[in-house]
Student: 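Before I ask anything, here is the structure I am working with.
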2 protein chains.
Amino acid sequence: MPLRHDQVRRTPDRLKDRPTWLLSRAHARSVAILHAGFEAGGNGLRGYHYRLLAALEQFGPASQADLGRDTGIDRSDVTAALLLLEGRGLVERRVDPDHKRRNIVTLTTAGQDALRALDDVLDGIQREVLAPLSAAEQRQLVALLARVAEG
Amino acid sequence: MPLRHDQVRRTPDRLKDRPTWLLSRAHARSVAILHAGFEAGGNGLRGYHYRLLAALEQFGPASQADLGRDTGIDRSDVTAALLLLEGRGLVERRVDPDHKRRNIVTLTTAGQDALRALDDVLDGIQREVLAPLSAAEQRQLVALLARVAEG
DNA sequence: ACTCCTTTGTTGGCGTCGCCAATGTTGATG
DNA sequence: CATCAACATTGGCGACGCCAACAAAGGAGT
């Protein structure tokens, strides 16, 4: 069996046609573009932070546990992410007077501004990720992905 | 603004329709199913190991650098993954006599068997991941994902 | 009132995947 | 012969997901 340095990039057949592989590759590309976008215009915020800001903006003040449930983020990770958001003044935390064990998290004006800025970044990223597809195909993909994601 | 414990799981609108979000969710589900499958029938091997075995089986013995290129795995991660594969006797490493800095990695018979076993596991996983879709839709999704993955 | 169970926030840890830098060797190229 | 590139290895980092243990607090049932 001959060796094969000096050859072009290949992908084993076992991988390249498997849906899970394609899903993984597509996701990897999406993540790379997301990362670059957040790097450039995200001001150090990451996916977790955006999810939390989005939930706060839409649903209003909430406890950390509820935030975790709405965003699919583990309670412990919510704590860490909020620490950063609070440090930047994008969010405020205070103890719920009725439930002293509960923190009520509120979006600040600065937080709203940051969310809007991220929205723009995100929109650009969507366009870049879906660029290989026509508008109709993009809609198809979104519909199919939604069902696969749901299970 | 009223609080909202005791409510059902919701997802912020900002997230739930974005292609990158759906891609991420679909990928997450795929990964969860993959993880469960490897847990059950993967004998402690993970994605990296399968990729490496697949490349070796199809393309024959190769240097670690070539393996990395074929599988999209970083050289440093190839080293670590091979360490485990070698420890299990699924792979053999020897120095290339013509290039003493190069290791030639060879798939053993046990490695081939392990690969076959993983193939079956993987096939089952594909079916589970794509279960929400009809056969025609599955083909559509695969075609679209391939293009998105490619960029 | 008292016990039991659950929720909440926090800390700390683990695993996967992807990536990058530095290093010592070695081969190839000028 | 000097330089440069490739190779394998080590070690580290970041994002994301997840889990266990914990103390504080509340709720339910007796």
Side-chain angles (χ1 to χ4, degrees), chain A residues 3 5-7 15 20-21 23-39 42 44-52 62-69 71-84 86 93-105, chain B residues 3 5-7 15 20-21 23-25 27-39 42 44-52 62-69 71-84 86 91 93-105:
Chain A
L3 291 188
H5 331 295
D6 71 351
Q7 288 208 7
L15 297 179
T20 54
W21 173 257
L23 205 42
S24 159
R25 296 341 296 172
H27 177 249
R29 175 164 170 266
S30 163
V31 162
I33 295 174
L34 273 165
H35 188 268
F38 272 70
E39 189 95 4
L45 301 182
R46 302 164 299 153
Y48 278 3
H49 305 118
Y50 180 76
R51 293 196 221 171
L52 292 170
S63 72
Q64 299 185 190
D66 282 336
L67 281 175
R69 282 185 280 268
T71 56
I73 302 175
D74 189 87
R75 287 208 313 279
S76 58
D77 298 322
V78 170
T79 296
L82 286 181
L83 201 66
L84 189 151
E86 193 180 32
R93 268 195 289 191
R94 64 176 198 286
V95 174
D96 185 334
D98 298 332
H99 289 252
K100 295 214 196 74
R101 191 80 200 109
R102 184 140 52 196
N103 283 344
I104 298 180
V105 184
Chain B
L3 290 187
H5 331 296
D6 72 350
Q7 287 208 9
L15 297 179
T20 54
W21 173 256
L23 205 42
S24 158
R25 294 343 293 172
H27 178 248
R29 175 164 169 266
S30 163
V31 162
I33 294 174
L34 274 165
H35 188 269
F38 272 75
E39 187 96 5
L45 301 183
R46 303 162 301 153
Y48 277 3
H49 306 119
Y50 180 76
R51 292 198 221 171
L52 292 170
S63 74
Q64 299 187 190
D66 282 336
L67 280 175
R69 281 185 280 268
T71 56
I73 302 176
D74 189 87
R75 286 208 312 279
S76 57
D77 299 321
V78 170
T79 296
L82 286 181
L83 201 67
L84 188 151
E86 193 180 29
V91 136
R93 270 196 287 192
R94 63 175 197 285
V95 175
D96 185 335
D98 298 334
H99 288 251
K100 295 214 194 74
R101 191 82 198 108
R102 184 141 53 196
N103 284 341
I104 299 180
V105 184

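Just so we're clear, the structure is a prediction, and the values are computed from it rather than from any experiment.
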Student: Could you tell me how far apart B:L34 (CG) and D:dC16 (P) are, to the nearest whole angstrom?
Tutor: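 From B:L34 CG to D:dC16 P: 20 Å.
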Student: Counting only distance, no hydrogens or angles, is the base of C:dC20 paired donor-acceptor with the side chain of B:D74 under 3.5 Å?
Tutor: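 Looking at the base of C:dC20, it does pair with a donor or acceptor on the side chain of B:D74 (distance under 3.5 Å).
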Student: Are any non-hydrogen side-chain atoms of B:V95 and B:I104 less than 4.5 angstrom apart?
Tutor: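 The answer is no, as the side chains (C-beta and beyond) never meet within the 4.5 Å cut-off.
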Student: When the distance from CZ of A:R102 to P of C:dT7 is rounded to whole Å, what number comes out?
Tutor: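 Going from A:R102 (CZ) to C:dT7 (P), I get 11 Å.
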Student: Mind checking the CD-CG spacing from A:Q64 to A:D77? Nearest 0.5 Å is all I need.
Tutor: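 Answer for the CD-CG pair, A:Q64 versus A:D77, is 12.0 Å.
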Student: Of the listed nucleotides (D:dT9, C:dT16, C:dG18), which one gets closest to any side-chain atom of B:Q64?
Tutor: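 Nearest listed nucleotide: D:dT9.
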Student: With side chains defined as the heavy atoms from C-beta onward, is the minimum distance between B:T71 and B:Y48 less than 4.5 Å?
Tutor: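 Not touching, per the 4.5 Å side-chain cut-off.
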Student: With a 4.0 Å heavy-atom cut-off, tell me which residues in residues 76-84 of chain A come close to DNA chain C, sorted by residue number.
Tutor: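 A:S76, A:T79 - these, ordered by number, are the residues of the stretch whose heavy atoms sit under 4.0 Å from the strand.
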Student: State which of C:dT8, D:dG17, C:dT16 makes the closest approach to the side chain of B:R46.
Tutor: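 So the side chain of B:R46 is nearest to C:dT16.
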Student: Roughly how many Å is it from CZ in B:R51 to P in C:dC17, rounded to a whole number?
Tutor: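 Those two atoms, CZ and P, are 7 Å apart.
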Student: If I compare all heavy atoms of A:A26 with all of B:L23, which pair ends up nearest, and what's the gap?
Tutor: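 The answer is O-CD2, 3.7 Å.
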Student: To the nearest Å, how far apart are A:H49 NE2 and D:dG14 P?
Tutor: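 These atoms are roughly 13 Å apart.
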Student: Heavy-atom distance under 4.5 Å between the side chains of A:V31 and A:H27, does that happen here?
Tutor: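 Yes, their side chains come closer than 4.5 Å.
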Student: Nearest whole angstrom, please: distance from the P of D:dC18 to the CD of B:E39.
Tutor: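 Checked: the CD to P distance equals 14 Å.
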Student: Pick out which of A:D66, A:L83, A:I73 makes a side chain to side chain contact (heavy atoms under 4.5 Å, CB included) with A:V78.
Tutor: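 Considering A:D66, A:L83, A:I73, a side chain to side chain contact (heavy atoms under 4.5 Å, CB included) with A:V78 is found only for A:I73.
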Student: With DNA chain C as reference, determine whether B:Y48 or A:N103 sits nearer its 5' end, using the nearest nucleotide of each.
Tutor: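 Per heavy-atom nearest nucleotide, the more 5' residue is A:N103.
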Student: Need one value for B:R25: base, sugar-phosphate or nothing, where a base atom within 4.0 Å counts as base even if backbone is also close, heavy atoms only.
Tutor: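 Sugar-phosphate: the residue B:R25, judged by heavy atoms under 4.0 Å, touches backbone atoms but no base.
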Student: What closest approach, in Å, do B:R102 and B:S63 show between heavy atoms, and which atom pair accounts for it?
Tutor: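 Nearest heavy atoms, B:R102 then B:S63: CD-CB, 3.3 Å.
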Student: Within a strict 4.5 Å, meaning less than it, do heavy atoms of the A:R75 and A:T79 side chains meet?
Tutor: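 A:R75 does not reach A:T79 side chain to side chain.
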Student: Rounded to the nearest Å, what distance is computed from the NZ atom of residue A:K100 to the P atom of nucleotide C:dT6?
Tutor: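 After rounding, the reported distance stands at 23 Å.
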Student: Mind grabbing the angle between the end helix axes of the helix from C:dA1-D:dT30 to C:dG30-D:dC1? Five pairs an end, 10° rounding.
Tutor: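 What I find for the helix from C:dA1-D:dT30 to C:dG30-D:dC1 is an axis angle of 10°.
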Student: Tell me whether the OP1 or OP2 atom of D:dT9 has a side-chain N or O from B:R93 closer than 4.0 Å.
Tutor: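 Yes, within the criterion.
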Student: For A:R75 and for A:R101, locate the closest nucleotide of DNA chain D by heavy-atom distance; then report the residue assigned to the nucleotide nearer the 5' terminus.
Tutor: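 This one resolves to A:R75.
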Student: Starting at CG of B:L67 and ending at C1' of D:dA6, how long is that distance when rounded to a whole Å?
Tutor: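 About 15 Å, once rounded to whole Å.
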Student: Using every non-hydrogen atom in the two residues, find where B:Y50 and A:L15 come nearest and quote the distance to one decimal.
Tutor: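 In this case the closest contact between B:Y50 and A:L15 is CE2-CD2, 3.6 Å.
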Student: Holding to salt bridge (charged side-chain N to carboxylate O under 4.0 Å, His left out), I want the full list of residues that pass it with A:E86, two or more places apart in sequence or in another chain.
Tutor: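 For A:E86 the salt bridge (charged side-chain N to carboxylate O under 4.0 Å, His left out) partners, ignoring immediate neighbours, are A:R93.
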Student: Just how far, in rounded Å, is P of C:dT8 from CD1 of A:I104?
Tutor: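 Answer to the nearest Å: 13 Å.
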Student: When the nearest nucleotide of DNA chain C is assigned to B:G72 and to A:A65 on a heavy-atom basis, which residue is associated with the more 5' position?
Tutor: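 Nearest-nucleotide comparison on DNA chain C picks A:A65.
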